[in-house]
2 protein chains.
Amino acid sequence: MNIGTAAERSGLPAKTLRYYETIDLVQPLRADNGYRDYSEDDLHCLKFVGRARSLGFSIEECRVLLSLYRDQNRSSGEVKSLALHKVTEIEKKIGQLQDMKKMLSKLAGECHGDNRPDCPILDEIAGEQA
Amino acid sequence: MNIGTAAERSGLPAKTLRYYETIDLVQPLRADNGYRDYSEDDLHCLKFVGRARSLGFSIEECRVLLSLYRDQNRSSGEVKSLALHKVTEIEKKIGQLQDMKKMLSKLAGECHGDNRPDCPILDEIAGEQA
DNA sequence: ATAAGGCTTCCAGTTAGGGGAAGGTCAAGG
DNA sequence: CCTTGACCTTCCCCTAACTGGAAGCCTTAT
């Protein structure tokens, strides 16, 4: 199938499909006219990658997952370990964001937020109290 | 002071200070020998930016915050609104990460994680059950 | 005098594509 | 048969916020 159809059916932009080809992630064949010709199997891989990306895996991680997926002899332990590692990464990121949020909420709570120029948020960012 | 000292005192890499100069964020004077010469005021701005960055503000947001900080006539309402907007952005991001984590944990929990090739994680990413 | 270290600029690379130009191809309609 | 519009191709530049490295000047100490 042409790239437009593959894009629609995979839910990914055509630009992304071309990009995935340049980085050797999903390589469609070419038709006689030079158009990319995606097979059902290619489409399957595209969906797989799209889903893994939405779960927070990087392209390089997707490459590993894809090769594990294709390898009938892989051990599920490998995959599980990758998934759990990603979970701890995500937890760490969540923690950082929660810290930011907490501090920002606190600062906003201390700021009267009116037309007066006095602003505890800027003061604290500036570190005048630190 | 030279860039090395400013870097150390601000807690930011020298490379970052040079970068901030190229994007007109913090512009030090130059000494006769061509070296950047950071004033105490410049240093203050660098620290301010570093702190705002660590709170999740983008460079462009830092630029705004900095101009608000320098503007003695600004209203604290403007700043508070920026801060609250950032809080909702952060909350959204946290939500997304929590969704990812939930799904990944569920998948990992369903995977026995041994040497057998059968792997529910890959199966579900592949969408065989979808 | 020379060596070490700090400073300068510039170039290239990072992630994961997005925007858009210039041009080839295909299918339908007149 | 020709044209039009949609679709496809490659190519190059752009994003954020730096980071790394090379080549070369400046300063300081020995």
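On a predicted model such as this, the values are computed, not experimentally measured, just so you know.
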Under 4.0 Å from any atom of DNA chain C, heavy atoms only: list the residues of residues 2-9 of chain B that qualify, in numerical order. B/Asn2, B/Ile3, B/Gly4

Note: contacts of residues 12-33 of chain A with DNA chain D (heavy atom, under 4.0 Å) are A/Lys15, A/Arg18, A/Arg30

Can you name the residues that form a side-chain contact (heavy atoms from CB on, under 4.5 Å) with A/Asp99, not counting sequence neighbours? none

For the helix from C/dA1-D/dT30 to C/dG30-D/dC1, figure out the bend between the end axes, five pairs an end, and round to 10 degrees. 30°

Considering only distance and modelled atom types, tabulate donor-acceptor pairs under 3.5 Å from the side chains of residues 31-38 of chain B, sequence neighbours left out.
{"unit_1": "B/Asn33", "atom_1": "OD1", "unit_2": "B/Tyr35", "atom_2": "N", "d": "2.9"}
{"unit_1": "B/Arg36", "atom_1": "NE", "unit_2": "B/Glu21", "atom_2": "OE1", "d": "2.7"}
{"unit_1": "B/Arg36", "atom_1": "NH2", "unit_2": "B/Glu21", "atom_2": "OE1", "d": "3.0"}
{"unit_1": "B/Asp37", "atom_1": "OD1", "unit_2": "B/Met1", "atom_2": "N", "d": "2.7"}

For DNA chain D, find the residues of residues 56-66 of chain B with a heavy-atom distance under 4.0 Å and give them by number; none if there aren't any. B/Ser58, B/Ile59

Walk along DNA chain D from 5' to 3' and tell me the first and last nucleotide with an atom closer than 4.0 Å to a non-hydrogen atom of chain B. D/dA17 to D/dT27

Suppose the criterion is salt bridge (charged side-chain N to carboxylate O under 4.0 Å, His left out): which pairs have a residue in residues 54-68 of chain B, not counting sequence neighbours? B/Glu60-B/Arg63, B/Glu61-B/Lys86

Using the test side-chain contact (heavy atoms from CB on, under 4.5 Å), find all partners of A/Phe48 that sit at least two apart in sequence or belong to another chain. A/Leu65, A/Leu66, A/Tyr69, B/Leu122, B/Ile125, B/Ala126

side-chain contact (heavy atoms from CB on, under 4.5 Å) against B/His112, all qualifying residues, sequence neighbours excluded: A/Ser76, B/Asp114, B/Arg116, B/Asp118

Only counting residues at least two apart or in another chain, list the ones meeting side-chain contact (heavy atoms from CB on, under 4.5 Å) with B/Ser39. B/Asp41, B/Asp42

Could you list by number each residue of residues 92-104 of chain A showing a heavy-atom separation from DNA chain D of less than 4.0 Å, or answer none if no residue does? none

